[in-house]
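Ligands are counted one by one from 1 in listed order, and the atoms in each one are counted from 1 as well. The model shown is predicted, which means the values in this text are computed figures rather than measured ones.
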Amino acid sequence: MTAPLTIAIDGPAASGKGTIARRVAEKYALRHLDTGLLYRAVAVLCAAEGIPLADAAATGARANRLDPGDLERPGLRSAAAGRGASVVAAHPPVRAALLDWQRDFAMLAPGAVLDGRDIGTVVLPEARAKLFVTAEPDVRAARRWRELSKDRDIAYRTVLQDIEDRDARDAARSDAPMRQAGDAALLDTTQMSIEAAVTEAIRLIEGQLAA
Ligand code: DC
């Protein structure tokens, strides 16, 4: 039996990692998991059920009872869900509860592309290929602002502040902070269109798979 092909794609919000991960999964005919959705679902469920997001034990217990259907809940992509996700993601019991879920998903044949913050460092340290996708904060904020302002009136400054706060929280937490794995290739998409970023991502992954 051949081992599952696992690919880890990490990076901060609006770096392009989600689109890249989807396209890489299509190219290699792998399944794709946006792991941010797990943390978003925990935050949204806790908020709906009156569980304080600052309560590590209670949010961790809720994360243990997460159901695949919870990832289909409406509202998971909102800015508020992203902020809440970043708060619950700092709690070790929440991260522990979601670890096996992510690994089980990745290890099912034929393998998977996972995108997140700690895939290459913690979830899949043995992934066959690893990318860390990033871009300057103002460019990421402008991308996110263009998306969000289609549906509602929102100031660019608010989006930039949100991105900076989230970057700081995700990188500063002590459990599985966002960082580039030592063996991950860095892909800076600041000056790239999404098409150029996908092409470059596949070139880097091909190099790692051939090594
Ligand atoms: O990628 P995203 O914006 O959907 O992620 C939402 C939050 O979830 C992010 O701010 C931090 C957290 N997260 C994490 O800690 N680890 C992951 N593997 C994925 C997301």
Mind checking the [atom1]-[atom2] spacing from [X] to [Y]? Nearest 0.5 Å is all I need.
| X | Y | atom1 | atom2 | result |
| --- | --- | --- | --- | --- |
| Lys130 | Leu124 | NZ | CG | 8.5 Å |
| Trp101 | Leu66 | CH2 | CG | 4.0 Å |
| Arg179 | Asp118 | CZ | CG | 10.0 Å |

Could you list which atoms of ligand 1 come closer than 4.0 Å to a heavy atom of [X]?
| X | value |
| --- | --- |
| Arg40 | 2 (P), 3 (O), 4 (O), 6 (C) |
| Gly36 | 4 (O), 5 (O), 19 (C), 20 (C) |
| Ala89 | 12 (C), 15 (O) |
| Ala85 | 6 (C), 7 (C), 8 (O) |

Can you tell which part of Arg166 has a heavy atom less than 4.0 Å from ligand 1: side chain, backbone, both or neither?
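Within the 4.0 Å criterion, Arg166 contacts ligand 1 through side-chain atoms alone.
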Just go through Arg95, Arg77, Arg83 and tell me whose heavy atom is the nearest to atom 15 (O) of ligand 1.
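It is Arg95 whose heavy atom sits nearest to atom 15 (O) of ligand 1.
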Examine ligand 1 and decide if any of its atoms is less than 4.0 Å from a heavy atom belonging to Met178.
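No, that is not the case, since the closest heavy atom of the residue is not under 4.0 Å from the ligand.
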Using non-hydrogen atoms of the residue, decide whether Lys17 is closer than 4.0 angstrom to ligand 1.
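Heavy atoms of Lys17 do come under 4.0 Å of ligand 1.
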Student check: side-chain heavy atoms of Asp183 and Gln208 closer than 4.5 Å:
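Heavy-atom side-chain distance check fails, nothing below 4.5 Å.
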Looking only at heavy atoms, what is the nearest atom pair of Val133 and Gly16, with distance?
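Val133 and Gly16 have their closest heavy atoms at CG1-C, 4.5 Å.
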Among protein heavy atoms, which lies nearest atom 17 (C) of ligand 1, and at what distance?
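Atom 17 (C) of ligand 1 sits closest to the protein heavy atom Arg117 N, 3.4 Å.
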Taking atom CZ of Arg103 as the centre, does the number of heavy atoms from other residues, nucleotides or ligands within less than 6.0 Å exceed 12?
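Yes, the 6.0 Å shell around CZ holds more than 12 heavy atoms from other groups.
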Would you check whether [X] has a nitrogen or oxygen atom less than 3.5 angstrom from a nitrogen or oxygen atom of ligand 1?
| X | value |
| --- | --- |
| Thr35 | yes |
| Asp118 | yes |
| Arg173 | yes |

By the definition side-chain contact (heavy atoms from CB on, under 4.5 Å), identify the one residue from Thr6, Thr35, Leu33 that meets it with Phe105.
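Answer after filtering Thr6, Thr35, Leu33: Leu33.
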side-chain hydrogen bond (donor to acceptor under 3.5 Å, both in side chains) assessment of His91 paired with Asp55
CA-CA 8 Å; His91 302 323; Asp55 187 332; over 6 Å; no
